[in-house]
Asks: 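This is the structure I have questions about; it appears just below.
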Amino acid sequence: MLRSNLQFIRLNSTKTFDVAIIGGGPGGYVAAIKAAQLGFKTACIEKRGALGGTCLNVGCIPSKALLNNSHLYHTMQHEAKERGIDIVGELKVNIDNLQKAKEKSVKGLTGGVEMLLKKNKVEYLKGEGSFIDEYNLNIKPIDGSEEYSIKADNIIVATGSEVTPFPGIEIDEERIVSSTGILALKEVPKKLSIIGGGIIGLEMASVWSRLGSEVTVIEFQNAVGAGMDGEVAKTAQKLLTKQGLKFKLGTKVTKAERDGETVKIQVENVKSGEAEELDADVLLVAIGRRPYTKGLNFEKIGLEVDEKNRLVIDSNFRTKHQHIQVIGDVTFGPMLAHKAEEEGIAAAEIIKTGHGHVNYGNIPSVMYTHPEVAWTGLSEEQLKEQGIKYKSGKFTFAANSRAKTNNDTDGFVKILADAETQRILGAHIIGPNAGELIAEMVLAIEYGASPEDVARTCHAHPTLSEATKEANLAVFGKPINS
């Protein structure tokens with residue numbers, strides 16, 4: 001009798017929430033804030049000890065800090081004189097301070113997210129969350145204190161992703177590194193090899209090349225920049241090669257291992273089978289990411305995964321249990337922070353109203369090399385594959401007044417539109433500030449605009465955005481300034 005009474009007291013003392021989110025990354029913390037704003041008693045569970053997930057801690061934010069500061073260094077090193085700036089004394093990189101600047105950005109933003117949770121009255125539970133059953137979660141605190149449970153009427157899983165390992169290659173985060181380790185190097189490697197010519201690989205190639213590394217990118221496919229429009233990808237490779245990067249395309253890595261302070265890499269040409277050995281001071285493995293479900297205990301409640309180990313959901317992010325939703329990298333779709341954020345908002349709205357929406361055909365992607373690359377909608381290859389008749393318009397930054405005054409004229413804007421309806425189907429930009437310029441075209445596509453709609457919108461002069469206007473004008477007519 002005494003034992004059953006104790007069990008009754010323990011169950012009654014379990015904290016209850018309307019909504020509990022497992023994961024405090026871009027998808028999770030945004031879902032938590034939105035749920036709280038909609039009037040739900042909300043908890044956000046995160047085991048990292050810092051909010052923001054991979055993006056804020058070891059991904060988007062620290063990489064952009066290094067990209068920006070390395071670009072400033074590269075610009076001063078190679079362009080200062082022609083820009084009318086004389087540098088007195090030696091210009092050199094201080095890696096310690098470069099890393100401190102990166103960490104300052106990370107700390108400020110992760111701390112800011114924690115303040116946002118407090119402001120919106122979200123309870124932040126620092127620990128690892130796992131399923132006990134369909135409504136109860138076990139929380140294992142990161143400080144080592146006693147585990148406890150919570151109950152939630154609705155649960156959102158937003159556990160994100162992790163680095164995809166390369167079979168047979170052991171990552172030590174010193175000489176053979178992942179996308180996490182490459183951000184924390186304490187010295188500039190003389191020779192850096194990178195497995196993977198996707199966005200992460202090319203961004204990190206840019207950072208360390210600018211700082212003095214001899215960089216070689218090894219890519220299995222015959223083109224870099226997976227997902228990019230073909231013309232844009234070729235242009236990006238050409239410009240990055242001009243900056244000093246070396247590319248081995250159509251090449252697979254068969255073996256790589258550390259040999260003291262160097263790494264020996266065995267590669268093979270995909271077509272001919274010809275073998276070659278490369279050596280590097282540091283090897284970055286950047287072949288992608290995979291869903292992270294470790295410790296979630298999702299199998300206990302029968303949640304299903306697909307062939308890529310992604311948790312299976314319906315169009316409303318719901319699993320087989322209607323009150324359990326999944327968003328972000330741990331389920332289908334592009335592994336992008338802003339995609340996860342949109343899903344977080346939609347998931348919370350679905351709990352409240354039964355309605356929520358994400359347009360998966362209009363999610364922008366950005367590569368923060370220099371020049372930047374950004375795109376949304378369909379590429380020319382996808383349009384041809386789908387048999388859609390289209391027209392394209394292009395305008396180069398070499399003919400843009402702001403780009404010329406900034407001495408930053410590489411690249412172009414390309415707009416793709418339906419040949420019959422004139423509706424914009426895709427936008428592809430390679431050039432200065434492409435990541436900012438793409439927002440206009442995302443909005444245009446969302447509202448079903450035509451190139452004429454954009455071209456007839458007044459753009460300020462002189463701005464880079466005028467290149468976007470001119471490219472739209474070129475789809476069904478002729479640009480003014482070229």
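Remember, it's a predicted structure, so these values are computed and weren't measured experimentally.
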Asks: Just so I know, are the side chains of R289 and V163 near enough to count as touching, which here means a heavy-atom distance under 4.5 Å?
Replies: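 With C-beta onward as the side chain, the pair touches.
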Asks: Do R402 and H461 come close enough that some side-chain heavy atom pair is under 4.5 Å?
Replies: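 No. Closest side-chain heavy atoms not under 4.5 Å.
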Asks: Is there a side-chain contact between I45 and I21 (heavy atoms, below 4.5 Å)?
Replies: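 When only atoms from C-beta onward are counted, I21 and I45 do not touch, as no gap falls below 4.5 Å.
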Asks: Main chain of G328, side chain of T331: is a donor-acceptor contact present, judged purely on distance under 3.5 Å?
Replies: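 It does not hold such a pair.
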Asks: Would you say D153's side chain and D18's backbone share a donor-acceptor pair under 3.5 angstrom?
Replies: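 Not a single qualifying donor-acceptor pair exists.
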Asks: Would you say the side-chain atoms of S213 pair up with the backbone N or O of P189, donor to acceptor, closer than 3.5 Å?
Replies: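 Between the backbone of P189 and the side chain of S213 there is a qualifying donor-acceptor contact (under 3.5 Å).
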Asks: For D453, does its backbone N or O pair with a side-chain atom of S450 as donor and acceptor, under 3.5 Å?
Replies: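 Yes: the side chain of S450 pairs with the backbone of D453.
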Asks: Does the side chain to side chain contact (heavy atoms under 4.5 Å, CB included) test come out yes or no for L425 and I388, once each step is laid out?
Replies: CA-CA 10 Å; L425 301 175; I388 299 173; 3.9 Å; yes
Asks: Got a list of side-chain donor-acceptor pairs under 3.5 Å for residues 123-131, not counting sequence neighbours?
Replies:
unit_1	atom_1	unit_2	atom_2	d
E123	OE1	K15	NZ	3.3
E123	OE2	K15	NZ	2.8

Asks: Does one side chain, of S178 or E173, offer a donor that lies under 3.5 Å from an acceptor on the other?
Replies: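 Yes - a donor-acceptor pair under 3.5 Å links their side chains.
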Asks: Could you pull out all donor-acceptor pairs under 3.5 Å where a side-chain atom in residues 23-40 meets a protein atom, sequence neighbours excluded?
Replies:
unit_1	atom_1	unit_2	atom_2	d
Q37	NE2	N120	OD1	3.4

Asks: Name all residues meeting the side chain to side chain contact (heavy atoms under 4.5 Å, CB included) criterion together with L72; count only those two or more places apart in sequence or in a different chain, and write none if there are none.
Replies: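 Listed in chain order: N68, N69, M76.
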Asks: Does a donor on one side chain and an acceptor on the other come within less than 3.5 Å for E147 and N138?
Replies: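 Their side chains do contain a donor-acceptor pair, which is all the 3.5 Å distance test asks for.
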Asks: What is the distance from atom CG of L283 to atom CG of L192, rounded to the nearest 0.5 Å?
Replies: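 Result: 8.0 Å between the selected atoms.
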Asks: What is the distance from atom CD1 of I327 to atom CD1 of I313, rounded to the nearest 0.5 Å?
Replies: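 Nearest 0.5 Å value for the CD1-CD1 distance: 9.0 Å.
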Asks: Taking all non-hydrogen atoms of both residues, which atom of L284 and which atom of M204 are closest, and how far apart?
Replies: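 In this case the closest contact between L284 and M204 is CD2-CB, 3.8 Å.
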Asks: Taking atom OH of Y73 as the centre, report whether more than 12 heavy atoms of other residues, nucleotides or ligands fall under 6.0 Å from it.
Replies: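 Correct, the count exceeds 12.
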Asks: Can any side-chain N or O of T369 pair as donor or acceptor with the backbone N or O of E372 at less than 3.5 Å?
Replies: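 It does not hold such a pair.
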Asks: Using modelled atom types only, decide if a donor and an acceptor are shared between the side chain of T353 and the backbone of I350 within a distance under 3.5 Å.
Replies: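 No; judged by distance alone, with no hydrogens or angles, the pair does not exist.
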Asks: Go through the structure and list residues passing side chain to side chain donor-acceptor pair (under 3.5 Å) with R48, not counting sequence neighbours.
Replies: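 Result, side chain to side chain donor-acceptor pair (under 3.5 Å) vs R48: none returned.
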Asks: Compare every heavy atom of P334 with every heavy atom of I363, then report the nearest pair and how far apart it is.
Replies: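 Looking at all heavy atoms of both residues, the closest pair is CD1-CG, 4.4 Å.
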Asks: Would you please test R290 and E162 for salt bridge (charged side-chain N to carboxylate O under 4.0 Å, His left out) and show each step?
Replies: CA-CA 5 Å; R290 65 182 183 182; E162 63 180 350; 2.9 Å; yes
Asks: Could you go through the side chain to side chain contact (heavy atoms under 4.5 Å, CB included) check for W375 and D229 one step at a time?
Replies: CA-CA 8 Å; W375 67 96; D229 176 270; over 6 Å; no
Asks: Only counting residues at least two apart or in another chain, list the ones meeting side chain to side chain donor-acceptor pair (under 3.5 Å) with E380.
Replies: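 In terms of side chain to side chain donor-acceptor pair (under 3.5 Å), with neighbours along the sequence ignored, E380 is linked to Y390, K414.
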Asks: Listed by chain and number, what are the side chain to side chain contact (heavy atoms under 4.5 Å, CB included) partners of A403, not counting sequence neighbours?
Replies: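 Here the qualifying residues are F397, N400, T409, L464.
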Asks: Which value, rounded to the nearest 0.5 Å, describes the distance between K121 atom NZ and K119 atom NZ?
Replies: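 The NZ atom of K121 sits 10.5 Å away from the NZ atom of K119.
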Asks: List the steps and the verdict of side chain to side chain contact (heavy atoms under 4.5 Å, CB included) for F412 and E231.
Replies: CA-CA 10 Å; F412 54 83; E231 181 183 12; 4.0 Å; yes
Asks: Excluding sequence neighbours, so at least two apart, what forms side chain to side chain contact (heavy atoms under 4.5 Å, CB included) with H71?
Replies: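 For H71 the side chain to side chain contact (heavy atoms under 4.5 Å, CB included) partners, ignoring immediate neighbours, are T75, R210, H370.
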Asks: Is any side-chain heavy atom of M228 closer than 4.5 Å to a side-chain heavy atom of M367?
Replies: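 In short, these two side chains touch, coming nearer than 4.5 Å.
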Asks: For residues L240 and S206, determine if any side-chain heavy atom of one lies less than 4.5 Å from a side-chain heavy atom of the other.
Replies: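 In short, these two side chains touch, coming nearer than 4.5 Å.
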Asks: If only atom types and distance count, is the side chain of D172 paired as donor or acceptor with the main-chain N or O of R175 below 3.5 Å?
Replies: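 Indeed, once roles are kept as given, a pair shorter than 3.5 Å links the two residues.
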Asks: If we ignore angles and hydrogens, is there a donor and acceptor under 3.5 Å between the side chains of E446 and N359?
Replies: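 The criterion, which ignores hydrogens and geometry beyond distance, is satisfied for N359 and E446.
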Asks: Enter the distance from T54:OG1 to M335:CE here, rounded to the nearest 0.5 Å.
Replies: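 Rounded to the nearest 0.5 Å, the OG1-CE separation comes to 10.0 Å.
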Asks: Under 3.5 Å, is there a donor on one side chain and an acceptor on the other for H459 and E440?
Replies: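 Per modelled atom types, H459 and E440 side chains form a pair under 3.5 Å.
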Asks: Is there any ring pair (Phe, Tyr, Trp, His ring centres under 6.0 Å) pair reaching into residues 317-351, and which pairs are they, with sequence neighbours excluded?
Replies: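 Of all non-adjacent pairs touching residues 317-351, those that pass ring pair (Phe, Tyr, Trp, His ring centres under 6.0 Å) are Y135-H323, F332-Y360.
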Asks: Would you please name every residue forming a ring pair (Phe, Tyr, Trp, His ring centres under 6.0 Å) with Y148, sequence neighbours left out?
Replies: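 Not a single residue meets the ring pair (Phe, Tyr, Trp, His ring centres under 6.0 Å) criterion with Y148.
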Asks: Judged by modelled atom types alone, do D329 and S161 share a side-chain donor-acceptor pair under 3.5 Å?
Replies: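 Checked: D329/S161 side chains pair up, N/O donor to acceptor below 3.5 Å.
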Asks: Can you name the closest pair of heavy atoms from P62 and C55 and give their distance?
Replies: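 Minimum heavy-atom separation between P62 and C55: CD-O, 3.7 Å.
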Asks: Does a side-chain heavy-atom distance below 4.5 Å link I176 with V285?
Replies: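 Yes, side chains in contact.
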Asks: Identify, with sequence neighbours excluded, every residue that meets side chain to side chain donor-acceptor pair (under 3.5 Å) alongside K64.
Replies: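 K64: side chain to side chain donor-acceptor pair (under 3.5 Å) contacts with E203.
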Asks: Give me the atom names and distance for the closest heavy-atom approach of G393 to V475.
Replies: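 The pair with the smallest heavy-atom distance is N-CG2, 3.6 Å.
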Asks: Got a donor-acceptor contact below 3.5 angstrom from the Q99 side chain to the L185 backbone?
Replies: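 Yes, Q99 side chain to L185 backbone: donor-acceptor pair under 3.5 Å.
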Asks: Of the non-hydrogen atoms in L183 and G59, which two are nearest, and what is the gap between them?
Replies: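 For L183 versus G59, the nearest heavy atoms are CD1-N, 4.2 Å.
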Asks: Working note: L416 + L378, criterion side chain to side chain contact (heavy atoms under 4.5 Å, CB included); need CA distance, chi angles, decisive distance, verdict.
Replies: CA-CA 8 Å; L416 306 171; L378 299 172; 5.8 Å; no
Asks: Assess whether a salt bridge exists between E343 and K339, defined as any Lys/Arg side-chain N lying under 4.0 Å from an Asp/Glu carboxylate O.
Replies: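 The answer is yes: the pair qualifies as a salt bridge.
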Asks: Do Q386 side-chain atoms and L383 backbone N/O form a donor-acceptor pair below 3.5 Å?
Replies: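 Absent.
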Asks: Might you point out which heavy atoms bring N57 and V106 nearest each other, and give the distance in Å?
Replies: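 Taking N57 first and V106 second, the nearest heavy atoms are CA-CG1, 4.1 Å.
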Asks: Quick one: does E304's side chain get under 4.5 Å of T319's, heavy atoms only?
Replies: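 Not touching, per the 4.5 Å side-chain cut-off.
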Asks: Quick one: list whatever passes side chain to side chain contact (heavy atoms under 4.5 Å, CB included) with K308, sequence neighbours left out.
Replies: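 If we apply the side chain to side chain contact (heavy atoms under 4.5 Å, CB included) test to K308, skipping adjacent residues, the hits are D306, R310.
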Asks: Let me have the donor-acceptor pairs involving side chains of residues 429-436, under 3.5 Å, with sequence neighbours excluded, atom names and distances please.
Replies:
none

Asks: For a 4.5 angstrom cut-off between non-hydrogen side-chain atoms, does L137 reach I132?
Replies: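 They are not in side-chain contact.
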Asks: Does S145 use its side chain to pair, donor to acceptor, with the backbone of P141 at less than 3.5 Å?
Replies: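 No; zero donor-acceptor contacts below 3.5 Å.
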Asks: Going from CD1 on I200 to CD1 on I194, what distance comes out if it is rounded to the nearest 0.5 angstrom?
Replies: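 Nearest 0.5 Å value for the CD1-CD1 distance: 11.0 Å.
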Asks: Check this for me: E299, atom CD, are more than 12 non-hydrogen atoms of other residues, nucleotides or ligands nearer than 6.0 Å?
Replies: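 Buried by this count: over 12 neighbours within 6.0 Å.
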